[in-house]
Visitor: 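Below is a structure I'd like to ask you about.
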Amino acid sequence: MVSEDGQEFYRELKDTWTLAGCSLFVLGWVLPWLSKGKAGNVLYGRLQSTLDLIRHETASGCRQLSEQKEAMLNQHLEADSALMDHLRFLSGQDISGLYVREDPYLAKPLKGLRPESILTGEQAQSRNQVASDLTAWLDGFAGDITICVDSFYDKDMFHTLIDRRLRFKRVPDLADHSGGLQLHHALDDARALRIGCLAELM
């Protein structure tokens, strides 16, 4: 979360999810940015070119995978029959709704990998600690608080942490990721939404 005056709140939950319960999109485009990119190093160490393939297949039509990475992926596909089999498997699926637990090619390389072995640093905390820290952060603001979101899914996620009556306002997708902000990183997404909303008000 980022306040209008630029104060920030960021945590990574380490006890509310499993890799098996993540969609392939989350595996490819969300988890790698966690713990300042260290989570991505762990995942790439386990999955290697399979992670590139997943990212390529779940890119949602955006040019998120560089041409260099795409060329490397094509080379891997030609040399790795298992990876080619995985591509055939993915091609027959609704990728947007596919979960890690439904992908048999991921079972072996990801076996035993848990959130606490991916997330590092002081921002990786238990749900109870995050709830306590978030409550304290919000208590630092005077007056009524309105939380702007670009999806009411964010509101639902907020209420899984703390049951606090706050006003939520859904705003259009005004996020401005220019200036090096990373798409699909929660804090950078919040920064980008703040930038876009403030620009809209001017």
Side-chain angles (χ1 to χ4, degrees), residues 1-19 21-23 25-43 55 58-66 96 115-202:
M1 300 176 77
V2 181
S3 68
E4 190 174 351
D5 64 2
Q7 297 180 62
E8 298 182 345
F9 180 88
Y10 178 73
R11 297 293 187 277
E12 297 172 0
L13 291 159
K14 62 181 183 179
D15 62 348
T16 60
W17 61 281
T18 63
L19 266 174
C22 292
S23 69
F25 178 84
V26 168
L27 178 66
W29 292 108
V30 178
L31 297 186
W33 311 130
L34 298 182
S35 298
K36 298 179 180 176
K38 292 178 182 176
N41 293 338
V42 173
L43 290 171
R55 296 182 78 189
T58 57
S60 305
C62 303
R63 286 304 300 173
Q64 296 184 72
L65 201 66
S66 71
S96 61
E116 59 268 23
S117 56
I118 295 176
L119 305 181
T120 59
E122 59 186 29
Q123 77 282 347
Q125 297 178 347
S126 69
R127 179 194 177 282
N128 289 341
Q129 184 61 55
V130 173
S132 175
D133 288 355
L134 179 56
T135 299
W137 187 73
L138 291 169
D139 285 345
F141 295 96
D144 293 333
I145 297 173
T146 298
I147 299 178
C148 295
V149 297
D150 55 13
S151 166
F152 277 128
Y153 177 74
D154 296 328
K155 176 183 176 182
D156 296 338
M157 290 295 291
F158 179 92
H159 283 130
T160 64
L161 281 173
I162 57 175
D163 186 21
R164 182 167 175 161
R165 296 290 164 239
L166 295 173
R167 203 176 112 193
F168 284 80
K169 178 182 178 183
R170 189 175 189 280
V171 297
D173 185 7
L174 300 169
D176 179 358
H177 283 83
S178 62
L181 294 178
Q182 178 59 59
L183 191 64
H184 306 311
H185 183 284
L187 181 56
D188 274 3
D189 284 347
R191 289 167 173 160
L193 188 60
R194 173 183 172 269
I195 292 168
C197 287
L198 290 179
E200 185 76 5
L201 291 173
M202 291 180 177

Visitor: Could you check if a side-chain atom of Leu187 sits within less than 4.5 angstrom of a side-chain atom of Val2, using non-hydrogen atoms only?
Guide: yes
Visitor: Looking at every non-hydrogen atom in both residues, tell me the closest pair between Pro32 and Val26 and how far apart they are.
Guide: CD-O, 4.1 Å
Visitor: Within the side chain of Arg194, is there an N or O that forms a donor-acceptor pair under 3.5 Å with the backbone of Ser3?
Guide: yes
Visitor: Taking Asp189 for its side chain and His184 for its backbone only, find out whether a donor-acceptor pair lies under 3.5 Å.
Guide: yes
Visitor: Could you list the residues that satisfy ring pair (Phe, Tyr, Trp, His ring centres under 6.0 Å) with Phe168, not counting sequence neighbours?
Guide: Phe158, His159
Visitor: Nearest 0.5 angstrom please: Leu166 CG to Lys155 NZ, how far?
Guide: 10.0 Å
Visitor: Taking all non-hydrogen atoms of both residues, which atom of Pro115 and which atom of Trp17 are closest, and how far apart?
Guide: CG-O, 3.2 Å
Visitor: Quick check: closest heavy atoms across Trp29 and Thr58, and the distance to 0.1 Å?
Guide: NE1-OG1, 3.2 Å
Visitor: Do any N or O atoms from the side chain of Gln123 and from the backbone of Thr120 form a donor-acceptor pair under 3.5 angstrom?
Guide: yes
Visitor: Rounded to the nearest 0.5 Å, what separation is found between the CG atom of Leu43 and the CG atom of Leu34?
Guide: 9.0 Å
Visitor: Is it true that the side chains of Ser178 and Asp176 contain a donor and an acceptor less than 3.5 Å apart?
Guide: yes
Visitor: How would you list, by chain and number, every residue that makes a side-chain contact (heavy atoms from CB on, under 4.5 Å) with Arg127, sequence neighbours excluded?
Guide: Leu13, Asp15, Thr16, Leu161
Visitor: Apply ring pair (Phe, Tyr, Trp, His ring centres under 6.0 Å) to Trp137 and list each qualifying residue two or more places apart in sequence or on a separate chain.
Guide: Phe9, Phe141
Visitor: What distance do Arg164 atom CZ and Ile145 atom CD1 have between them, rounded to the nearest 0.5 Å?
Guide: 5.5 Å
Visitor: Check whether more than 12 heavy atoms from other residues, nucleotides or ligands sit under 6.0 Å from atom CZ of Phe152, and answer yes or no.
Guide: yes
Visitor: If you count the non-hydrogen atoms of other residues, nucleotides and ligands that lie under 6.0 Å from CG in Asp144, is the total more than 12?
Guide: no
Visitor: Closest heavy-atom contact between Arg55 and Gly28?
Guide: NE-O, 3.0 Å
Visitor: Distance-only, no hydrogens or angles: does the Ser132 side chain make a donor-acceptor pair with backbone N or O of Asn128 under 3.5 Å?
Guide: no
Visitor: If you compare all heavy atoms of Leu193 against all heavy atoms of Asp150, which two are closest, and at what distance to 0.1 Å?
Guide: CD2-N, 4.1 Å
Visitor: Taking atom OH of Tyr10 and atom CZ of Arg191, what is their separation to the nearest 0.5 Å?
Guide: 9.5 Å
Visitor: So, the side chain of Glu12 versus the backbone of Ser35: is there a donor-acceptor pair under 3.5 Å, distance only?
Guide: yes
Visitor: Please test Ile195 against Leu181 for side-chain contact (heavy atoms from CB on, under 4.5 Å), starting from the C-alpha separation and ending with a verdict.
Guide: CA-CA 11 Å; Ile195 292 168; Leu181 294 178; 3.9 Å; yes
Visitor: Measure the CG-CG distance between Leu119 and Leu31 for me, rounded to the nearest 0.5 Å.
Guide: 8.0 Å
Visitor: Which value, rounded to the nearest 0.5 Å, describes the distance between Gln182 atom CD and His177 atom NE2?
Guide: 8.0 Å
Visitor: Can you give me the closest heavy-atom contact between Glu122 and Gln125, atom names plus distance?
Guide: O-NE2, 3.1 Å
